[in-house]
Enquirer: 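Mind having a look at this structure? Questions to follow.
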Number of protein chains: 2
Amino acid sequence: MEKSIPDIVVGRLPRYLRALEYMLRKGIKTTSSQELGDSIGISAAQIRKDLSQFGEFGKQGTGYSVRFLVDQLQSILHVNQPWDLVLVGVGDLGTALATYQGFVNRGFRIVLAFDNDPAKTGKIIGDVTILGMDDIEVKVAESGAKIAMLTVPASAAQEVAESLIKGGIRAILNYAPMQLSLPADIHVEYIDPITKLQHMTYYLD
Amino acid sequence: MEKSIPDIVVGRLPRYLRALEYMLRKGIKTTSSQELGDSIGISAAQIRKDLSQFGEFGKQGTGYSVRFLVDQLQSILHVNQPWDLVLVGVGDLGTALATYQGFVNRGFRIVLAFDNDPAKTGKIIGDVTILGMDDIEVKVAESGAKIAMLTVPASAAQEVAESLIKGGIRAILNYAPMQLSLPADIHVEYIDPITKLQHMTYYLD
DNA sequence: TCTTTTTTGTGGTTTATTTCACGGAGGATT
DNA sequence: AATCCTCCGTGAAATAAACCACAAAAAAGA
């Protein structure tokens, strides 16, 4: 029986990957846990311990091959394949996300966009046509997408999330400022700038 | 000597506050650690322990007065006063943030917006006129703002952040997909959807 | 009034996470 | 080829976080 990896460790891997991809673009061939740690503010021991959960990727005396470690982390995180995204809610924020090039550059492609405003349906945003919310479950199921981004008002988020799950969505990136109550096997991450700002104001006078 | 509160505890307070403000709008007068915890997926014991770091806010047998606890948490987080924000980078995302009503409703007001694109300067976005990046330090210092939101390309983020700090900014909400290297007394929070998506794809096939 | 129920705040315990520190492998230097 | 230096992987130790369980307070009910 393999031991499961702590979620907090998994959460650091994308940060390692981001820093390593930056090094790759810079042409840096090799790095050490010390150097990588310095660049992202994490201790070298922590990085070595985290990576050792998945295998032995480094070489004593030399460090890590940047390209090799990028490949390994992409594989571990399952981002060595493209992922389809569903976007629900095409307000200002949804529009910004739909046109953001950062997703497609990193292997995430929006394949469906929904909004319940009839004035918006039919319009094209980014690469997709905005659809109405009718039969959203069926449309999502047909697309085969497993990940959704939710940029609807808080009042609608729970209901929409439940529809998405019926359509086969298994992970939700929730921009609505509210906690979703969903089955344990659905993975939810939250992005709420107010929460982050309030965290910081604690430390300000 | 007073013991300092763990940052992880501080980070949960805005979540408690958000749930409690929701209860307040619903007209709920009283709640318990159990009920609050159920609504946001945190154990009752954890909530009681966290709150006890700051005082005794509840009553045995009854629970917590929602209004009182909201007031207390707002005071602890210093959000019982309005905060001025500086926005740097008025692309799609910056525009979405500038027009988002959620900030002002929660006591955060954008008072300055900057962009280095001459085509944008002079235009009005939300309640403010977009300024060029010249003399950004001076303009920020004159505004007195202590918090900035950074929605510039990753390649510009470090340099801009340093300018902001020279202008008196002490907390930065960074939307650029890169780690900032700044003095320890500057508080930085990160919002990067790619990182969150990659965290979730680990758990997907 | 007396008993039962609810629910807090907290000391103590358990579990999780981070850090330490060292053996040893590999490369560089002389 | 001998020595020095770097830096990984990891068991052990230290620290941090979460959870448990209970006395006591308050309200509700009998």
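None of these values were measured; they are calculated from a predicted model. Values below: every heavy atom of this structure, side chains too, minus hydrogens, waters and symmetry copies. Just so we're on the same page: letters track the sequence lines, and every chain starts at 1.
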Enquirer: Quickly work out the Glu35(B) CD to dT6(C) C1' distance and round it to whole Å.
Expert: 13 Å
Enquirer: Would you say a side-chain N or O of Tyr64(B) is under 4.0 Å from OP1 or OP2 of dA26(D)?
Expert: no
Enquirer: Is there a side-chain contact between Lys196(A) and Tyr190(B) (heavy atoms, below 4.5 Å)?
Expert: no
Enquirer: What nitrogen or oxygen pairs link the protein and nucleotides 26-30 of chain C at under 3.5 Å?
Expert:
from, atom 1, to, atom 2, distance (Å)
dG26(C), O4', Gln60(A), O, 3.4

Enquirer: Looking only at side chains, do Gln81(B) and Gln74(B) share a donor and an acceptor under 3.5 Å apart?
Expert: no
Enquirer: Find the distance Ile5(A):CD1 to dT17(C):P and express it as a whole number of Å.
Expert: 11 Å
Enquirer: Under the side chain to side chain contact (heavy atoms under 4.5 Å, CB included) rule, what do Val79(A) and Phe108(A) come out as? Steps first, then yes or no, please.
Expert: CA-CA 9 Å; Val79(A) 290; Phe108(A) 293 97; 4.1 Å; yes
Enquirer: Separation of Leu69(B) atom CG from dT7(C) atom C1', in whole Å?
Expert: 14 Å
Enquirer: Could you check how far CD1 of Ile47(B) sits from P of dT7(C), rounded to whole Å?
Expert: 13 Å
Enquirer: When the distance from CD of Glu56(A) to P of dG24(C) is rounded to whole Å, what number comes out?
Expert: 15 Å
Enquirer: State whether a side-chain donor-acceptor pair under 3.5 Å links Tyr203(B) with Asp7(A).
Expert: yes
Enquirer: So, OP1 or OP2 of dC7(D): does either fall under 4.0 Å of a side-chain N or O from Ser33(A)?
Expert: no
Enquirer: What is the distance, rounded to the nearest whole Å, between atom CG of Leu36(A) and atom P of dG9(D)?
Expert: 13 Å
Enquirer: Please tell me if the side chains of Thr30(B) and Thr62(B) come closer than 4.5 Å, counting only heavy atoms from C-beta onward.
Expert: yes
Enquirer: A side-chain contact here means heavy atoms from C-beta on lying under 4.5 Å apart; do Asp71(A) and Asn80(A) qualify?
Expert: no
Enquirer: I need the minimum non-hydrogen distance between Ser33(B) and Ile47(B), along with the two atoms involved.
Expert: O-CD1, 3.8 Å
Enquirer: Is the ring pair Tyr202(A)/Phe54(B) parallel, tilted or perpendicular, if the boundaries are 30 and 60 degrees?
Expert: perpendicular
Enquirer: Let me know the distance between CG of Leu51(B) and P of dT10(C), rounded to the nearest Å.
Expert: 11 Å
Enquirer: Looking at Asp192(B) and Arg18(A), is there a salt bridge between them, counting it only when a charged N and a carboxylate O are closer than 4.0 Å?
Expert: yes
Enquirer: Name the pairs: protein N/O against N/O of nucleotides 17-20 of chain D, kept only if under 3.5 Å.
Expert:
from, atom 1, to, atom 2, distance (Å)
dA18(D), OP1, Arg12(B), NH1, 3.3
dA18(D), OP2, Arg12(B), NH1, 3.1
dA18(D), OP2, Arg12(B), NH2, 3.0
dA18(D), OP2, Gln46(B), NE2, 3.3
dC19(D), OP2, Ser43(B), OG, 3.3
dC19(D), N4, Lys49(B), NZ, 3.4

